[in-house]
Every structure is written in structure tokens, then in C-alpha cells.
Trainee: 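One structure, as C-alpha cells, below. Some questions next.
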Number of protein chains: 2
Amino acid sequence: MGNKGEALRQRIVASADQLFYQQGYENTSFSDIAEDVGISRGNFYYHFKSKDEILNAVIDTRLTDIVQMLDEWSKKYTDPKQRIFEFIDILTNHQNNIKNHGCPLGSLCTELAKQNHPMLRDANKMFAVQRDWLTVQLKELGLGKGAKQVAMHLLAHSQGIATITNAFEDQNFLRQEVRRLKQWLDEQIQGQNKSGN
Amino acid sequence: MGNKGEALRQRIVASADQLFYQQGYENTSFSDIAEDVGISRGNFYYHFKSKDEILNAVIDTRLTDIVQMLDEWSKKYTDPKQRIFEFIDILTNHQNNIKNHGCPLGSLCTELAKQNHPMLRDANKMFAVQRDWLTVQLKELGLGKGAKQVAMHLLAHSQGIATITNAFEDQNFLRQEVRRLKQWLDEQIQGQNKSGN
DNA sequence: CAATAATTAGGACATATATCCTATTTTAAT
DNA sequence: ATTAAAATAGGATATATGTCCTAATTATTG
């Protein structure tokens, strides 16, 4: 099995990943990716026989990357709250990209949903693993039954921040809302035994 | 000036509006719209000389519709809180469409941003008028300086709800979060004089 | 009714793009 | 080193699409 081919394959996926994020999936052509990688279309086609195939590979990589990132945080930080704050800080750390291209996960799902693309159900797994990880953290913080709902709210709020930041091209709003989100989370943790949830 | 032409023009815009929402802007062709209206491409081109022109017309209509909707609520309800609840209920009232196609405003802005389309700045006015209207309502409720921030949060949260509902194709989540959003707004109004904002 | 303007239809054209195919070059295996 | 497999390049093809053009039809106006 070609070792060289595998390396190129990964370069192609990385390129496609970037371009899909910056320009959108449909709006990115085989030629775009091939040119970005510096290979011919024919060679590209040797590695990926269809556009769905490269999309599938991109989603897989993103999913793997997300899981790895979450795992690292689980190891690196003992405090679940700190872990969640790390999650929220993704927004701040990528504010410039978000301003220009929105959220990579959200904007991809939005596009796939619009085209009724069957791979939406693979793409939204990227959200699902985050939701599940957040739920675990929140349960450790004492939120019982409500943990999953709060996790979903965290996802939704993050998405909203990304969409509006992107629409208004306004990073200030992002920072403002991140502050609000952290504050909200604090309250959520503080009041966790108010209603015995 | 042709009266007949104006009527057809409006039918075209209405069709484009729908199709842009359901399939996305780039993914909708002249032929798609012409076919949907029941006219020839040539005739279509007589009314709209470019794709940007029809996009512009769609954004204009949406903007007009939004302003009209907000004006009506301002007249129909005297209680600003009820007005805002009406705004939030858009989500519930369109839950099936949102599940399938997301938010018409948000998904359009996301697409335009991704293509670096200059008309993004026109499209986000659809959000801006909502933000301003919400700000007015919130000020009437006693939120002073914080009104605009709360208005923006309302927009962002709504967007997040739409994006996640769409990504997971899950209307239950929408209803859940709408409840949460209304509750949050209540608290916001209740505690409006806590910090004297 | 005549003539001018508005409207409509449908074809022409250039371009872009996903996909396929074949020839050539590079790498790996015996 | 020779041979088989892997990798790469670049052209061919079919299709879609935005845009343009011209001829025909309909509506309007004097």
C-alpha cells in the first residue's frame, strides 16, 4: 500500500477542510482543492472518486479532531467547569475566523440541510459528541437530569453567537456574549441544587 | 408602465424568496425560479438582468415584510413584553420550516458571508431592524443602557435555536429552548432595577 | 386603426464543473 | 534489474448555468 499516497490524501483532506470552511462545500470545486494542494485534477480524482467522498473524509477528520480535543481537555483539567470554559473559549480563540466564516460545524450543517444532503446526519455528529461531553461535565458539576438540556443550550448559544458575529462581522459582539455565557453558566452551577435537579 | 409586468415581477420575487429559503441562493438557478413561476428564462431575464438583482429584490421584500410585521405588533399589542413574546413565537410558529430549512435570515447571511458577497451588508439589515425594534420594547420595559445588549442576545439565542434545530432536525429542542428563552426574558425584566441599568 | 412600447419565448454562447479515461511516470516487490 | 502496482497528469465529455440576443406576441396610446 502506498505510503506516499496516504500522506497526500491527508494533505488533500486538510485543504478541503479549510476551503469548505472558508468558501462553503458546494462553492468549492475539485479544481479549487487540487490547485490549493498543488496537484492535478486527475490525481485528485485518483484519491477521491466523488465529491461526497471528500466531504465524508472531511467530516471524519473534523469529528476525530473534536473528540481528540475534548479528550485532551478531560485529561488536562480536573475541574469540569474549567473544561467547559475551555470549550466556550473556542469562540474567543477563533473570533477572527468566526467573524469571516462563521462556525465550521454550524455553517456546514446549515448548508447540508439546505441541500437536503443525506450526510447532514453524519455532520451533526460533530455537535452530538460535544453535547455528550458537555453533559458529562455538567453532571460532574451536580446538574443531574438537567445536564443534557443545559449542554444543548450551550451549543445553541454558541451557535447563535457565531451566526450573529458572522452576519454583523462584529467581534465585539462575540466577546460580549462570551462573557454573558460564562456568567450564565456560573449561575447555572451555583443554583444547581435550588430545584434539586 | 406595464402593470402586468409589475404583477409578474412580484410573483417572481415571491418564488425566488421561497426557493432561496428552501435550497439556498447559489443552489437556486434562473431556471429553477422561471420554472416555478411558469415562465421562460428569457422572460425572467427581462425582469431581472442578473442574479444579484433578484437577490437584492428578495432582501428588499423580506426587509419590508419584517418592518411591516413589527409595526403591526407595535399597534396590536400595548404591552412591550407581549410584543417580544410574539417575536419569540415566530420560532414556534415556523418550527417545521426551521427544522427543514433553518432561519431564512440567518441561513442567507451565513451563505453570503461564506461567499464574501457584498450584499451581506444589505442582508444583515434584516437583523438590524429586529434588533432596533427589540431595543425599543426593552427600553419601554425599563431596561436602560442594557436594552440593546439584551436585544442582541435575543437575536443570537433565536439564531442558535434555529441552527441547532435545523442541524438535529429536532423540533422538540426548539420548543424546549423557546420556553427557556421566555423564562430568561421574564427574569431579565423582573431584575431590571437590580443593578439600576 | 396604426404605431409604438412592453412583454414573452426560446435559442445561442461562454464558462464552470463533476466525472471519466488514457498515457506516462514513479514506487515497490521479486 | 525487471515487472507489477501505485500515483500523477492532462485531456475528453456531458451537463448545468448565467448571460445575451433576436424574433414574435401582446398591450397601450395617439
Side-chain angles (χ1 to χ4, degrees), chain A residues 1-59 108 111-112 114-120, chain B residues 1-59 108 111-112 114-120 122-123:
Chain A
M1 266 104 243
N3 190 10
K4 190 184 172 190
E6 185 53 31
L8 178 57
R9 200 193 127 97
Q10 278 172 23
R11 276 205 294 144
I12 294 173
V13 173
S15 235
D17 190 359
Q18 272 292 313
L19 289 172
F20 288 174
Y21 177 40
Q22 291 168 358
Q23 320 181 346
Y25 170 59
E26 273 295 324
N27 207 38
T28 302
S29 70
F30 275 32
S31 303
D32 285 340
I33 304 172
E35 194 183 344
D36 190 58
V37 180
I39 60 174
S40 66
R41 272 168 309 138
N43 192 6
F44 183 100
Y45 196 75
Y46 173 76
H47 290 278
F48 296 96
K49 284 181 286 296
S50 78
K51 221 183 167 189
D52 279 4
E53 212 169 289
I54 179 75
L55 173 61
N56 192 56
V58 166
I59 291 175
L108 180 61
E111 185 179 353
L112 295 180
K114 200 125 286 194
Q115 315 186 216
N116 227 327
H117 200 295
M119 229 169 269
L120 169 63
Chain B
M1 267 105 243
N3 190 12
K4 191 183 173 191
E6 185 52 33
L8 178 56
R9 200 192 127 97
Q10 277 172 23
R11 275 205 295 143
I12 295 174
V13 173
S15 234
D17 190 0
Q18 272 293 310
L19 290 172
F20 288 174
Y21 177 40
Q22 291 168 357
Q23 320 181 346
Y25 171 59
E26 273 294 324
N27 208 37
T28 302
S29 70
F30 274 33
S31 303
D32 286 340
I33 304 171
E35 194 184 344
D36 191 58
V37 180
I39 59 174
S40 66
R41 271 167 312 137
N43 191 7
F44 183 101
Y45 195 74
Y46 173 77
H47 289 277
F48 296 95
K49 284 181 284 300
S50 78
K51 220 184 167 189
D52 279 5
E53 211 169 290
I54 178 77
L55 173 61
N56 192 56
V58 167
I59 291 175
L108 180 61
E111 186 179 351
L112 295 180
K114 199 124 287 192
Q115 314 186 217
N116 227 326
H117 200 296
M119 228 168 268
L120 169 63
D122 298 291

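Letters go in sequence order (proteins before strands), and every chain restarts at 1. Note that the structure is a prediction, hence the values are computed from the model and not measured.
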Trainee: Expressed as a whole number of angstroms, how long is the span from Arg9(A):CZ to dA6(D):P?
Mentor: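 Roughly 15 Å, once rounded to whole Å.
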Trainee: Main chain of Asn27(A), side chain of Glu26(B): is a donor-acceptor contact present, judged purely on distance under 3.5 Å?
Mentor: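 It does not hold such a pair.
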Trainee: If you measure from NE2 on His47(B) to CD1 on Ile12(B), what distance do you get to the nearest 0.5 Å?
Mentor: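 CD1 of Ile12(B) is found 5.0 Å from NE2 of His47(B).
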Trainee: Drop me the distance from Asp17(A)'s CG to Gln10(A)'s CD, to the nearest 0.5 angstrom.
Mentor: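 One finds 12.5 Å between CG of Asp17(A) and CD of Gln10(A).
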Trainee: Donor-acceptor pairs under 3.5 Å, side chain of residues 34-41 of chain B to any protein atom, not counting sequence neighbours: which ones?
Mentor:
residue	atom	partner	partner atom	Å
Asp36(B)	OD2	Ser15(B)	OG	2.2
Ser40(B)	OG	Asn43(B)	N	3.2

Trainee: Counting C-beta onward and ignoring hydrogens, is there a side-chain heavy-atom pair between Leu108(B) and Ile59(B) closer than 4.5 Å?
Mentor: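 Heavy-atom side-chain distance check passes, below 4.5 Å.
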Trainee: When rounded to the nearest 0.5 angstrom, what distance separates OG1 in Thr28(A) from CD1 in Ile33(A)?
Mentor: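 If we round to the nearest 0.5 Å, Thr28(A):OG1 and Ile33(A):CD1 are 6.5 Å apart.
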Trainee: Is there a donor-acceptor contact under 3.5 Å from the side chain of Asp32(A) to the main chain of Ser29(A)?
Mentor: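 Yes, the answer is positive, given that a donor and an acceptor are paired below the 3.5 Å cut-off.
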Trainee: Would you give the length of the straight line joining atom CD of Gln115(B) to atom OH of Tyr25(B), rounded to the nearest 0.5 angstrom?
Mentor: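 Reported to 0.5 Å precision, the distance equals 8.0 Å.
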Trainee: What residues from residues 12-25 of chain B pass a heavy-atom cutoff of under 4.0 Å to DNA chain D?
Mentor: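 Nothing qualifies; none.
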Trainee: Rounded to whole Å, please give me the gap between CZ in Arg11(B) and P in dT7(C).
Mentor: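 That distance rounds to 13 Å.
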Trainee: Are OP1 or OP2 of dT7(C) and a side-chain N or O of Tyr46(B) less than 4.0 angstrom apart?
Mentor: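 Yes, Tyr46(B) has a side-chain N/O under 4.0 Å of OP1/OP2 on dT7(C).
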Trainee: What residues form a side-chain contact (heavy atoms from CB on, under 4.5 Å) with Gln18(A), not counting sequence neighbours?
Mentor: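 side-chain contact (heavy atoms from CB on, under 4.5 Å) list for Gln18(A), sorted by chain: Gln22(A).
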Trainee: Going by number, which of residues 34-44 of chain A have a non-hydrogen atom under 4.0 Å from DNA chain D?
Mentor: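 Contacting residues: Ile39(A), Ser40(A), Arg41(A), Gly42(A), Asn43(A).
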Trainee: Report the distance from atom CZ of Phe30(B) to atom C1' of dT19(D), rounded to the nearest whole Å.
Mentor: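 Taking atom C1' of dT19(D) as the reference, CZ of Phe30(B) is at 8 Å.
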Trainee: Other residues, nucleotides and ligands only: do more than 12 of their heavy atoms fall within 6.0 Å of CG on Asp52(B)?
Mentor: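 Count over threshold, so yes.
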Trainee: How long is the line joining CG of Asn27(A) and P of dA18(C), in whole Å?
Mentor: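 Checked: the CG to P distance equals 10 Å.
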Trainee: Could you tell me which residues satisfy side-chain contact (heavy atoms from CB on, under 4.5 Å) with Phe30(A), sequence neighbours excluded, listed by chain and number?
Mentor: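 So Phe30(A) forms a side-chain contact (heavy atoms from CB on, under 4.5 Å) with Phe44(A), Tyr45(A), Lys51(A).
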Trainee: What are the residues of residues 47-59 of chain B, sorted by number, that bring a heavy atom to within less than 4.0 Å of DNA chain D?
Mentor: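 Here the set is Ser50(B), Lys51(B).
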